[in-house]
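Comments concern the structure below.
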2 protein chains.
Amino acid sequence: MMAGKRADEAARQHLVTGLLERMLVKDVFDETCIVNQALVLLADKWALLVLIVLMQGTKRYSELQRQIRGVSPKMLTQTLRSLEENELVARQVFPEVPPRVEYSLTAFGKSLSHPLAALCDWAFEHEPRLRKVYAQARPAP
Amino acid sequence: MMAGKRADEAARQHLVTGLLERMLVKDVFDETCIVNQALVLLADKWALLVLIVLMQGTKRYSELQRQIRGVSPKMLTQTLRSLEENELVARQVFPEVPPRVEYSLTAFGKSLSHPLAALCDWAFEHEPRLRKVYAQARPAP
DNA sequence: CCGAATCCAGATTGATACTG
DNA sequence: CAGTATCAATCTGGATTCGG
């Protein structure tokens with residue numbers, strides 16, 4: 001138990017140290033920093049949810065809308081367009097009746113699987129605490 | 001080279017499959033899904049940048065403002081308050097003149113190091129492509 | 001039916017100036 | 001130093017409408 005905790009901490013320190021080496025510690029978060037630019041593309045709740053759902057495989061527009069509860073058609077379209085422009089998602093239109101449009105991750109999008117999975121894993125691991133802070137942060141609707 | 005690529009793909013599939021098992025594939029992205037709640041807290045550019053900077057250690061308000069280029073005092077304060085409420089960041093006020101306030105990650109916040117490092121690693125690995133899409137997504141200022 | 005475009009009220013953001 | 005206050009501008013989201 002104790003050893004496991006120390007191992008986790010050691011792993012964390014290794015990761016953080018590796019990062020710091022690359023970031024050169026100071027003033028890296030301006031507009032030219034690649035981490036900053038990446039966050040501009042990714043720091044969006046709907047975009048992340050779409051990417052996570054598309055990790056399951058190719059989906060139609062309506063499937064995405066069904067799986068991602070609470071997304072309006074407008075925001076879904078907007079998010080998909082943005083992801084397409086950023087080359088993370090591919091859009092394929094089938095000239096049929098009724099119309100069919102399929103979305104899938106590009107190879108670039110698939111390369112995000114590891115970071116996104118790490119984020120989801122974190123959420124599952126810390127579920128009780130997350131629920132607590134989420135509930136107290138937003139008074140009952 | 002080829003073997004490395006295959007290993008990466010295998011690792012990705014393992015991660016994704018593990019996720020899918022937990023997500024039970026369908027309709028998990030409503031308000032009660034823990035991933036959704038986690039994203040509400042984290043899908044924010046400034047919050048992520050603050051967390052990443054605080055991975056370097058304890059910082060004063062002005063240090064954060066200097067390292068995170070482009071953040072206004074208002075947004076920095078707002079972001080820090082939110083992170084504090086979510087128990088990811090601890091705030092300590094020193095009753096001195098001139099005033100001093102220090103921010104650091106809580107244990108909970110430190111538990112985010114792995115996912116955040118994975119995200120940063122991804123950004124560094126895909127820097128050329130990221131710069132390309134970032135540039136074409138936003139016309140020269 | 002499915003996918004997308006338009007309009008508009010309300011929330012969020014950002015730059016700047018100001019205060020204990 | 002570490003924030004607030006203020007105001008303009010942008011973004012969001014829902015309802016509605018349109019086209020294939």
Side-chain angles (χ1 to χ4, degrees), chain A residues 27 29-31 33 36-37 39-50 53-54 58-86 89-104 137-139 141, chain B residues 29-31 36-37 39-50 53-54 57-86 89-104 134 137-139 141:
Chain A
D27 289 2
F29 293 107
D30 60 19
E31 274 242 322
C33 174
N36 196 310
Q37 297 190 2
L39 291 182
V40 170
L41 307 184
L42 294 177
D44 177 299
K45 180 192 164 185
W46 298 127
L48 290 171
L49 284 175
V50 167
V53 173
L54 288 180
T58 298
K59 300 274 176 184
R60 299 182 57 166
Y61 181 92
S62 50
E63 289 178 291
L64 290 171
Q65 191 167 26
R66 209 175 311 119
Q67 287 204 326
I68 304 174
R69 295 287 178 88
V71 70
S72 67
K74 179 187 164 184
M75 289 316 293
L76 183 54
T77 299
Q78 200 170 301
T79 302
L80 287 166
R81 289 280 130 77
S82 162
L83 290 172
E84 194 189 355
E85 188 171 12
N86 296 331
V89 163
R91 175 176 187 265
Q92 189 175 11
V93 184
F94 295 84
E96 302 174 354
V97 175
R100 184 159 58 107
V101 181
E102 288 187 350
Y103 295 92
S104 56
R138 24 185 66 211
Chain B
F29 293 106
D30 60 19
E31 274 241 323
N36 195 309
Q37 297 191 3
L39 291 182
V40 169
L41 307 184
L42 294 178
D44 176 301
K45 181 191 165 188
W46 299 128
L48 291 172
L49 284 174
V50 167
V53 173
L54 287 181
T58 297
K59 300 275 175 183
R60 300 181 58 165
Y61 182 92
S62 51
E63 290 178 289
L64 290 171
Q65 191 168 26
R66 209 175 312 118
Q67 288 204 327
I68 304 175
R69 295 284 179 89
V71 70
S72 66
K74 178 186 162 185
M75 287 317 293
L76 183 54
T77 299
Q78 199 171 300
T79 301
L80 287 167
R81 290 281 131 78
S82 162
L83 290 171
E84 195 189 355
E85 187 170 13
N86 297 330
V89 164
R91 175 175 185 265
Q92 188 175 11
V93 184
F94 295 84
E96 303 173 353
V97 175
R100 182 158 58 105
V101 180
E102 288 186 350
Y103 295 90
S104 56
Y134 185 86
R138 21 186 69 211

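Chain naming here is simple, since letters A, B, ... match the order of the sequence lines and numbering starts at 1 in each. Treat the numbers as computed from the prediction; the structure is a model and nothing was measured. Worth knowing before you read on, the calculation uses all heavy atoms, side chains too, and leaves out hydrogens, waters and symmetry mates.
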What's the verdict on side chain to side chain contact (heavy atoms under 4.5 Å, CB included) for K45(B) and N36(A), showing C-alpha distance, side-chain angles and the deciding distance? CA-CA 8 Å; K45(B) 181 191 165 188; N36(A) 196 310; 3.3 Å; yes
Can you name the closest pair of heavy atoms from R69(A) and R66(A) and give their distance?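 It is NE-O, 3.6 Å.
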Just to be sure I understand the rule, does P73(B) reach a base, reach only the sugar-phosphate, or reach nothing, if contact means heavy atoms closer than 4.0 Å?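 If one applies the 4.0 Å heavy-atom cut-off, P73(B) turns out to touch a base.
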Which part of the nucleic acid, if any, lies within contact of F94(B), taking any heavy atom under 4.0 Å across all strands shown: a base, the sugar-phosphate backbone alone, or nothing? nothing
Between [atom2] on [N] and [atom1] on [X], what's the gap in Å once rounded to a whole number?
X: R91(A); N: dC2(C); atom1: CZ; atom2: C1'; answer: 12 Å
X: R81(A); N: dT12(D); atom1: CZ; atom2: P; answer: 16 Å
X: K74(A); N: dG10(C); atom1: NZ; atom2: P; answer: 15 Å
X: Q92(B); N: dG3(D); atom1: CD; atom2: C1'; answer: 18 Å
X: L76(B); N: dA15(C); atom1: CG; atom2: C1'; answer: 15 Å
X: K45(B); N: dT12(C); atom1: NZ; atom2: P; answer: 18 Å
X: R66(A); N: dG3(C); atom1: CZ; atom2: C1'; answer: 14 Å
X: E96(A); N: dC2(C); atom1: CD; atom2: C1'; answer: 12 Å

Are any of [X]'s side-chain N or O atoms less than 4.0 Å away from OP1 or OP2 of [N]?
X: R60(B); N: dC1(D); answer: no
X: Q65(B); N: dA2(D); answer: no
X: Y61(B); N: dT4(D); answer: no
X: W46(B); N: dT13(C); answer: no
X: S62(A); N: dC2(C); answer: no

[X] (side chain) donor-acceptor with [Y] (main chain) under 3.5 angstrom:
X: E63(A); Y: R60(A); result: yes
X: S82(B); Y: Q78(B); result: no
X: Y61(A); Y: P73(A); result: yes

Which is it for L64(A) and L49(A) under the side chain to side chain contact (heavy atoms under 4.5 Å, CB included) test, yes or no, and what are the steps along the way? CA-CA 9 Å; L64(A) 290 171; L49(A) 284 175; over 6 Å; no
[X], nearest nucleotide to its side chain (from [options]):
X: M75(B); options: dT13(C), dC1(D), dT12(D); value: dT13(C)
X: T77(A); options: dG3(D), dC7(C), dA4(C); value: dA4(C)
X: Q78(A); options: dA5(D), dA2(D), dT12(D); value: dT12(D)
X: V101(B); options: dG3(D), dA15(C), dA4(C); value: dG3(D)
X: R100(B); options: dG14(D), dA2(D), dA17(C); value: dA2(D)

Judged by each residue's nearest nucleotide on DNA chain D, which is more toward the 5′ side, P99(A) or V71(A)?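 That would be V71(A).
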